[in-house]
S.K.: 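The structure under discussion is supplied below as structure tokens; questions concerning it will follow.
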Amino acid sequence: MKSILYILLAMTVLSCSKKNEEISSDSIYNVSSKWQKQDGNAITFSDFKGKVIVTAMIFTSCKTACPRLTAEMRAISEKVGKTNPEDISFLLISIDPETDTPEVMKAYLAVNRFDDKKVDLHPKQ
């Protein structure tokens, strides 16, 4: 698991060094779909342009891999997020939008000890 953390940290450092480069037309920042945050507000990937995005895909009713992914995301956010919090966004993306309503997502963040100002949990739309 440490190797995954090191890979994520390396990706973070490398992506931070390329801020002035033009974004490719096939970049995730150009995906036009709208997503919903845990507070009910809409958001798009272009809202994260210029930031490093650390993300994991989960569903809140998952009892196997998702709790582990969530714990790893929290650990990364606690270690890396303090460095440049305005430059890094942590996203947990739900793959079960019918179950994972904004209320469910907000409760999930609380149970998993996330500061909901640091981590967004989006239902896939």
Side-chain angles (χ1 to χ4, degrees):
M1 206 75 249
K2 280 188 176 182
S3 61
I4 292 173
L5 181 59
Y6 292 135
I7 290 169
L8 286 172
L9 289 173
M11 288 173 34
T12 300
V13 170
L14 290 174
S15 60
C16 287
S17 66
K18 297 182 177 187
K19 282 187 178 182
N20 295 329
E21 290 184 18
E22 188 157 327
I23 295 175
S24 168
S25 62
D26 60 349
S27 168
I28 194 167
Y29 296 115
N30 294 323
V31 173
S32 62
S33 61
K34 290 188 180 182
W35 301 59
Q36 187 178 24
K37 293 175 62 172
Q38 72 276 8
D39 62 8
N41 291 326
I43 197 164
T44 64
F45 277 113
S46 64
D47 294 324
F48 299 101
K49 205 172 204 173
K51 292 186 175 195
V52 173
I53 301 174
V54 181
T55 189
M57 298 184 87
I58 58 136
F59 55 102
T60 60
S61 60
C62 170
K63 303 295 182 214
T64 55
C66 299
R68 179 69 183 200
L69 289 169
T70 302
E72 289 296 323
M73 178 68 79
R74 184 180 55 253
I76 293 168
S77 72
E78 289 169 352
K79 291 177 182 173
V80 178
K82 293 177 182 177
T83 306
N84 291 318
E86 63 282 346
D87 294 334
I88 302 171
S89 290
F90 297 91
L91 305 176
L92 291 173
I93 301 174
S94 171
I95 56 174
D96 184 10
E98 290 157 12
T99 302
D100 295 339
T101 64
E103 296 80 21
V104 169
M105 295 183 301
K106 193 164 184 84
Y108 185 82
L109 289 176
V111 165
N112 287 282
R113 303 182 321 272
F114 278 111
D115 175 354
D116 69 353
K117 304 220 182 323
K118 282 196 242 175
V119 179
D120 291 321
L121 182 63
H122 302 270
K124 188 176 178 185
Q125 293 186 345

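Count residues from 1 along the sequence.
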S.K.: Identify the residue among I93, D100, I95, T70 that makes a side chain to side chain contact (heavy atoms under 4.5 Å, CB included) with I58.
M.R.: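 Exactly one option meets the side chain to side chain contact (heavy atoms under 4.5 Å, CB included) with I58, and it is T70.
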S.K.: What is the minimum heavy-atom distance between L69 and M57, and which atoms define it?
M.R.: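 Nearest heavy atoms, L69 then M57: CD1-O, 3.8 Å.
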S.K.: What's the shortest heavy-atom distance between K37 and M105, and which atoms?
M.R.: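 Smallest heavy-atom distance, with atoms named: O-CE, 3.9 Å.
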S.K.: Within this structure, what is the OG-CD distance for the pair S94 and Q36, rounded to the nearest 0.5 Å?
M.R.: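 Here the interatomic distance stands at 11.0 Å.
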S.K.: With sequence neighbours excluded, tell me which residues meet side chain to side chain donor-acceptor pair (under 3.5 Å) with E98.
M.R.: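 E98 satisfies side chain to side chain donor-acceptor pair (under 3.5 Å) with no residue once adjacent residues are dropped.
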S.K.: Hey, is the main chain of N112 close enough, under 3.5 Å, to the side chain of R74 for a donor-acceptor pair?
M.R.: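 It does hold such a pair.
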S.K.: Would you name the heavy atoms of D96 and S61 that are closest together and state the gap between them?
M.R.: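 Residues D96 and S61, closest heavy atoms: OD2-OG, 4.3 Å.
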S.K.: Any side-chain heavy-atom pair from C62 and T64 closer than 4.5 angstrom?
M.R.: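 Sidechains of T64 and C62: in contact.
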S.K.: Can you see which heavy atom on V54 is nearest to which on M73, and at what distance?
M.R.: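 Closest approach of V54 to M73, heavy atoms only: O-CE, 3.5 Å.
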S.K.: What is the minimum heavy-atom distance between F48 and S89, and which atoms define it?
M.R.: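 That would be CD2-OG, 3.2 Å.
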